[in-house]
Protein chains: 2
Amino acid sequence: MKAAPRPCSIADTLALVGEKYSLLVLREVSLGVRRFDRIARNTGAPRDILTTRLKRLVEAGVLEKVQYSERPPRFEYRATAAGEELQPVLVTLMAWGDRHLNADDRPVVLEHRCGEVLSPRIVCAHCGDEADRDSLTAHVRAPGWTTAGPTTPREA
Amino acid sequence: MKAAPRPCSIADTLALVGEKYSLLVLREVSLGVRRFDRIARNTGAPRDILTTRLKRLVEAGVLEKVQYSERPPRFEYRATAAGEELQPVLVTLMAWGDRHLNADDRPVVLEHRCGEVLSPRIVCAHCGDEADRDSLTAHVRAPGWTTAGPTTPREA
DNA sequence: CGAATGGGTTTGAAAAGCCAACCCATTGGG
DNA sequence: CCCAATGGGTTGGCTTTTCAAACCCATTCG
């Protein structure tokens with residue numbers, strides 16, 4: 001046995017979209033930038049890397065490649081429903097950076113329908129109350145994996 | 001000029017915590033797993049890589065290294081306030097994976113104080129209404145950068 | 001005494017990243 | 001007609017990272 005790491009949806013998600021540039025590609029697509037050339041420049045990704053990232057994101061089902069011209073054949077990339085559902089990840093990443101890295105000069109601002117600049121807050125969809133550290137308890141379902149404690153988690 | 005990529009808090013945040021394993025380290029720390037050995041096994045990170053990641057996360061101010069024993073000197077890693085504020089990122093990543101990758105068997109479940117399993121929802125802190133794609137408008141403050149459109153964004 | 005724990009560092013090979021150059025088809029301008 | 005630009009890539013060759021496994025050191029446990 002090679003001592004598998006903790007089974008976890010965070011790890012699984014990052015295995016799909018956690019490589020360098022992948023989330024920046026998603027950002028561009030969700031800003032309406034859908035073409036190879038422009039995505040390459042806006043993200044800073046080398047073109048060959050971008051090719052492999054796009055391929056992976058399409059395979060993963062978060063983007064789809066759509067032909068918008070025959071003769072010459074040209075394609076653009078669009079977020080699927082699953083891809084759009086990654087927006088909360090982008091929003092929370094941006095909020096953290098705005099607060100801790102660019103507090104005095106936010107490069108991009110999200111305006112909410114209510115007219116205010118968005119301060120995202122995470123709430124429980126059931127009760128509507130805030131879901132922060134203190135209001136959450138993690139339950140690890142996988143056998144042999146606890147949250148902490150001195151017990152040996154897997155191997156012999 | 002080498003055509004700088006779009007200035008963006010998402011990119012800036014990922015530059016700090018976007019490398020492989022970094023967010024998994026944060027996950028472990030926020031689950032209460034604070035020691036080198038156990039973090040290494042639970043994340044699957046090679047030990048040398050873990051060393052460099054931890055160093056970077058400490059420099060970035062999201063973790064702090066705390067000595068819990070002299071003779072022999074032993075250390076543990078704790079989340080700073082800034083580090084704890086990354087939890088929304090972990091929560092949204094996990095929610096996406098739970099929904100799209102592990103729908104029938106979530107490895108970890110977060111229970112909210114209200115007693116229900118957490119379905120995180122992002123709302124506007126001002127008005128309290130949901131903040132999804134359709135209720136948000138991006139305003140790019142940096143000059144020369146639009147959200148889309150055919151205009152050339154930076155270079156000559 | 002010998003093994004285990006804890007926190008790393010070292011080594012050498014494999015993989016990934018990166019840049020610049022190239023390719024092909026079509027459109028647009030002089 | 002010819003030349004450059006646009007769009008969407010691929011290729012070559014070098015540099016950087018990653019990785020697994022081994023090693024190191026101090027202390028404690030049996």
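A note on names: the letters A, B, ... follow the listed sequences, proteins ahead of strands, and every chain is numbered from 1.
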Colleague: Looking only at N and O atoms, is any donor in the side chain of B/R35 or the base of C/dG7 less than 3.5 Å from an acceptor on the other one?
Modeller: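 Side chain to base: no pair below 3.5 Å.
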Colleague: As a test of reading the structure: which of D/dG7, D/dT18, D/dG9 is closest to the side chain of A/Y68, going by heavy atoms?
Modeller: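 When the side chain of A/Y68 is considered, D/dG7 is the closest of D/dG7, D/dT18, D/dG9.
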Colleague: Looking for any heavy atom pair under 4.0 Å, which part of the strands does A/K65 touch: base, sugar-phosphate only, or nothing?
Modeller: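 Sugar-phosphate, no base atom in range.
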Colleague: Got a sec: does the CD of B/E70 have more than 12 other heavy atoms crowding it under 6.0 Å?
Modeller: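 It does not: B/E70 CD has 12 such atoms or fewer within range.
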Colleague: Given D/dG9, C/dC18, C/dG8, identify the nucleotide with an atom nearest to the side chain of A/F36.
Modeller: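 For A/F36, the side-chain atoms sit closest to D/dG9.
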Colleague: Heavy atoms from C-beta onward define the side chain here; which of C/dC19, D/dT18, D/dT10 lies closest to that of B/I49?
Modeller: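 Nucleotide nearest to B/I49's side chain: D/dT18.
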Colleague: Please tell me which of the listed nucleotides, D/dC19, C/dT26, D/dG9, lies nearest to the side chain of A/R47?
Modeller: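 Nearest listed nucleotide: D/dG9.
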Colleague: Does A/K20 or B/E76 map to a spot on DNA chain C nearer the 5' end, using the closest nucleotide for each?
Modeller: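 Closer to the 5' end of DNA chain C: B/E76.
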Colleague: Taking the side chain of B/D37 as its heavy atoms from C-beta onward, which of C/dG17, D/dT27, C/dG6 lies nearest to it?
Modeller: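 The answer is C/dG6.
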Colleague: Please walk me through it: do A/R35 and A/E76 pass salt bridge (Lys or Arg N to Asp or Glu O under 4.0 Å)?
Modeller: CA-CA 5 Å; A/R35 265 109 118 143; A/E76 63 181 16; 3.4 Å; yes
Colleague: Between A/E19 and A/R74, who's closer to the 5' end of DNA chain C by nearest nucleotide?
Modeller: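 Its nearest nucleotide lies further toward 5', so the answer is A/E19.
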Colleague: Look at the side-chain N and O atoms of B/R53 and state whether any lies under 4.0 Å from the OP1 or OP2 oxygen of D/dT18.
Modeller: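 Answer yes for this pair, as a side-chain N or O of B/R53 is under 4.0 Å from OP1 or OP2.
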Colleague: When the distance from CG of B/L24 to P of D/dT18 is rounded to whole Å, what number comes out?
Modeller: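 Going from B/L24 (CG) to D/dT18 (P), I get 14 Å.
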Colleague: Applying side chain to side chain donor-acceptor pair (under 3.5 Å) to B/S135 and B/D132, what does each step give before you reach the verdict?
Modeller: CA-CA 6 Å; B/S135 61; B/D132 56 359; 2.9 Å; yes
Colleague: D/dT10, OP1 or OP2 - any side-chain N/O from A/T51 closer than 4.0 Å?
Modeller: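 Yes.
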Colleague: May I ask you to decide whether A/E28 forms a salt bridge with A/R38, counting only side-chain N to carboxylate O separations under 4.0 Å?
Modeller: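 No salt bridge links A/E28 with A/R38.
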Colleague: Name the closest nucleotide to the B/D48 side chain, picking from D/dG8, D/dA20, C/dC18.
Modeller: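 Looking only at side-chain atoms, B/D48 lies closest to D/dA20.
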Colleague: First locate atom CG of B/L118, then atom SG of A/C127, and finally report the distance between them rounded to the nearest 0.5 Å.
Modeller: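 Output value for this atom pair is 9.0 Å.
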Colleague: How many whole angstroms separate atom CZ of B/F75 from atom P of C/dG6?
Modeller: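 In whole Å, C/dG6 P and B/F75 CZ are 15 Å from each other.
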Colleague: Rounded to the Å, how far apart are B/Y77 OH and C/dG8 C1'?
Modeller: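 Value for this atom pair: 9 Å.
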